[in-house]
There are 2 protein chains.
Amino acid sequence: MPPRSYVSPARSAAAAETRERVIEAASRTLREGESIARFSLDTVAKAAGVTRLTVYNQFGSRRGLLEAVFDEIARHGGLHQLADAMTTADPRAGLDRMVEIFCGFWSRDSAVGRLHDAMATDPEFAEAVRERNERRRRGVAGLVDRIAARQASPQARKDAVDLIFALTSYPTFASLSAAGRSRDEVCRVVQAACHAALANLSDPSS
Amino acid sequence: MPPRSYVSPARSAAAAETRERVIEAASRTLREGESIARFSLDTVAKAAGVTRLTVYNQFGSRRGLLEAVFDEIARHGGLHQLADAMTTADPRAGLDRMVEIFCGFWSRDSAVGRLHDAMATDPEFAEAVRERNERRRRGVAGLVDRIAARQASPQARKDAVDLIFALTSYPTFASLSAAGRSRDEVCRVVQAACHAALANLSDPSS
DNA sequence: AGATTGGATATACATTATGTATATCTAATT
DNA sequence: AATTAGATATACATAATGTATATCCAATCT
């Protein structure tokens with residue numbers, strides 16, 4: 001007797017809905033909690049009105065849930081605008097725009113900060129986030145290449161790319177924010193630092 | 001019958017020695033472990049050849065142990081050279097020296113990276129580390145003030161201080177290191193970025 | 001020398017998390 | 001009406017932090 005499996009529109013729709021509800025509850029818990037330490041699947045399940053086992057059914061593990069939350073935030077975080085920034089005629093303007101987009105991304109949902117905290121305790125989750133960040137690095141590299149053309153050594157270009165990558169990272173954003181700046185003020189400071197990094201590119205005086 | 005308490009040189013010396021041994025075992029465990037997730041008091045106690053309860057006797061809690069390890073690393077990390085850097089005649093040279101000192105500090109013992117990871121799960125430990133970092137911020141502020149004198153607005157100076165503070169932080173060092181740089185190469189990149197931040201100070205063109 | 005004390009140990013227990021296993025329930029499909 | 005997917009209920013294994021209590025031993029005090 002072969003198992004007669006089937007796909008059910010209603011079932012999978014309902015499952016997708018509970019999935020959404022769990023993700024929503026998880027990001028809310030991350031947002032409202034003081035620390036990632038308090039983030040337990042028990043709390044999330046209760047907040048979502050489901051059982052802890054349902055969370056495991058949907059996401060497999062704590063890590064799976066965190067990745068799903070990260071992807072959900074990324075989906076609604078305005079990162080789709082990056083394509084525009086990358087193809088801007090003036091690559092310097094494109095970089096400014098990129099900084100703006102990422103400042104918006106890091107500040108939009110405070111759960112991203114907690115997700116970065118989760119990287120500390122879960123190496124595989126950290127790796128997953130790092131892979132997603134590589135997109136940013138490639139974006140920076142593309143713009144720097146367009147800006148620098150061949151008027152700078154490969155090493156100088158790599159320095160600029162890695163420095164700008166660090167400047168547009170979440171830790172830098174968090175550090176500048178903690179010093180009492182609004183999103184726009186942080187954006188301005190980071191943009192200026194990126195300009196300086198590009199200036200050093202053509203004039204590596206020191 | 002009043003309790004006749006006493007102080008014992010031999011006893012406290014032995015206690016101090018076990019304390020040292022536990023701290024050593026803890027930093028070794030942090031250094032060798034892949035992630036802070038694996039760092040348990042059980043492991044440390046075994047590595048030190050004592051009982052887990054002894055760790056609690058000496059440090060009170062996991063957090064207490066982590067703070068003790070951090071302070072121990074700071075003591076042997078070369079930060080005492082900061083006083084020299086601060087009082088260097090040329091404040092720009094002093095800042096270069098400061099960057100050098102911190103690159104040395106962040107790279108000397110890989111346990112510091114794990115300790116920064118621990119900040120994510122223990123808010124009070126994070127606060128303790130942040131307080132210790134404030135010394136770095138004050139150092140930067142002092143040097144920037146000497147460099148800028150009154151040729152720049154307070155806001156521009158604050159921007160420079162906060163940016164240099166972020167540039168000399170552990171996350172920035174780790175990011176640039178992960179891109180495949182030696183300690184000295186990271187140092188060079190960070191120094192150049194700091195120079196640029198100072199240049200923006202007197203010429204806030206963008 | 002004998003009583004006492006500080007530090008380490010032994011053992012036990014409470015609590016909280018993650019993750020797995022098994023059986024059951026219910027509503028959607030065949 | 002039988003079956004199936006997704007959710008639940010219950011139970012269990014494991015590991016970690018932290019607390020409580022009693023004991024042991026060597027260093028001190030009288």
Side-chain angles (χ1 to χ4, degrees), chain A residues 1-23 25-26 29-30 33 35-68 114 117-118 120-125, chain B residues 1-23 25-26 29-30 33 35-67 117-118 120-125:
Chain A
M1 50 181 102
R4 67 176 204 212
S5 66
Y6 60 84
V7 287
S8 159
R11 288 256 115 126
S12 49
E17 206 219 317
T18 57
R19 195 184 160 87
E20 281 297 306
R21 220 167 58 235
V22 172
I23 291 176
T29 304
L30 285 171
S35 153
I36 186 77
R38 295 278 200 185
F39 181 83
S40 74
L41 300 195
D42 224 25
T43 313
V44 172
K46 267 166 195 153
V50 297
T51 308
R52 192 166 63 92
L53 283 217
T54 301
V55 180
Y56 278 99
N57 275 346
Q58 284 294 336
F59 304 98
S61 66
R62 176 193 168 91
R63 173 158 57 242
L65 174 59
L66 291 175
E67 288 189 32
R114 299 290 132 72
D117 288 346
T121 47
D122 187 335
E124 302 194 40
F125 176 66
Chain B
M1 50 181 102
R4 65 176 203 212
S5 66
Y6 60 84
V7 285
S8 159
R11 288 256 115 124
S12 48
E17 207 219 316
T18 57
R19 194 185 160 88
E20 280 298 306
R21 220 166 59 234
V22 172
I23 290 177
T29 304
L30 285 171
S35 152
I36 186 76
R38 293 277 199 184
F39 180 83
S40 73
L41 300 196
D42 224 25
T43 312
V44 172
K46 266 165 195 153
V50 297
T51 309
R52 192 166 62 93
L53 282 221
T54 302
V55 181
Y56 278 99
N57 275 347
Q58 283 293 337
F59 304 98
S61 67
R62 176 192 168 91
R63 172 157 58 241
L65 174 59
L66 291 175
E67 288 189 31
D117 288 347
T121 47
D122 188 335
E124 301 193 40
F125 176 67

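Here is the naming used below: chain letters follow the sequence lines, and residue numbers restart at 1 for every chain. Below, all heavy atoms of this structure are taken into account, side chains as well, without hydrogens, waters or symmetry copies.
Judged by distance alone, the side chain of B:R38 and the main-chain N or O of B:G33 form no donor-acceptor pair under 3.5 Å.
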Pair up each side-chain donor or acceptor in residues 39-49 of chain B with any protein partner under 3.5 Å, not counting sequence neighbours, and list the distances.
residue, atom, partner, partner atom, Å
B:S40, OG, B:T43, N, 3.2
B:S40, OG, B:T43, OG1, 2.8

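Rounded to the nearest 0.5 angstrom, A:D117 CG and B:T121 OG1 are separated by 8.5 Å. For the atom pair OG1 (A:T51) and CG (A:N57), the distance works out to 9.5 Å, reported to the nearest 0.5 Å. Once rounded to the nearest 0.5 Å, the distance linking CD of B:E20 with CD1 of B:I23 reads 5.0 Å. Distance check: B:T29 OG1 to B:L65 CG gives 9.0 Å after rounding to the nearest 0.5 Å. To the nearest 0.5 Å, the span separating OG1 on B:T54 from CZ on B:R19 amounts to 13.0 Å.
Nearest nucleotide to the A:S40 side chain, out of C:dT20, C:dA17, C:dT29: C:dA17. When the nucleotides D:dT17, D:dC25, C:dT20 are ranked by their closest atom to the side chain of A:Y56, C:dT20 comes out on top. Relative to the side chain of B:A10, the nucleotides D:dA27, D:dA5, C:dA8 differ in distance, and D:dA27 lies closest. You'll find that the side chain of A:R52 is closest to C:dG19, out of C:dG19, D:dT8, D:dT17. Checking D:dT28, C:dA10, C:dA28 against every side-chain atom of B:L53, the shortest atom distance belongs to C:dA10.
Counting heavy atoms from C-beta on, the side chains of A:Q58 and A:V22 never come closer than 4.5 Å.
Taking 4.0 angstrom as the limit, B:T54 places none of its side-chain polar atoms (N or O) nearer than this to OP1 or OP2 of C:dG7. For the pair B:S12 and C:dG6, the criterion of a side-chain N or O lying under 4.0 Å from OP1 or OP2 is not met.
When the C1' atom of C:dT16 is taken as reference, atom CG of A:D42 falls 9 Å away, rounded to whole Å. Here D:dT19 presents its C1' atom at 14 Å from CG of B:L41, a figure rounded to the nearest Å. To the nearest angstrom, C1' of D:dA15 lies 11 Å from NZ of B:K46. Atom-to-atom, CD of A:E17 to C1' of D:dA5 comes out at 16 Å; the value is rounded to the nearest Å. Between the CZ atom of A:R38 and the P atom of C:dT15 there is a distance of 16 Å, rounded to whole Å. To the nearest angstrom, P of D:dA16 lies 15 Å from CG of B:L66. Atom pair A:E20:CD and D:dA7:P shows a separation of 13 Å (rounding to whole Å applied). Rounded to whole Å, atom C1' of C:dG19 lies 14 Å from atom CG of A:D122.
Using a 4.0 Å heavy-atom criterion, one finds that B:T18 contacts the sugar-phosphate atoms exclusively.
Both B:G49 and B:R11 sit near DNA chain C, but only B:R11 has its closest nucleotide nearer the 5' end.
Across residues 57-64 of chain A, A:N57, A:Q58 each have a non-hydrogen atom less than 4.0 Å from an atom of DNA chain D (numbered order).
Between the base of D:dG6 and the side chain of A:R19 there is no donor-acceptor pair shorter than 3.5 Å.
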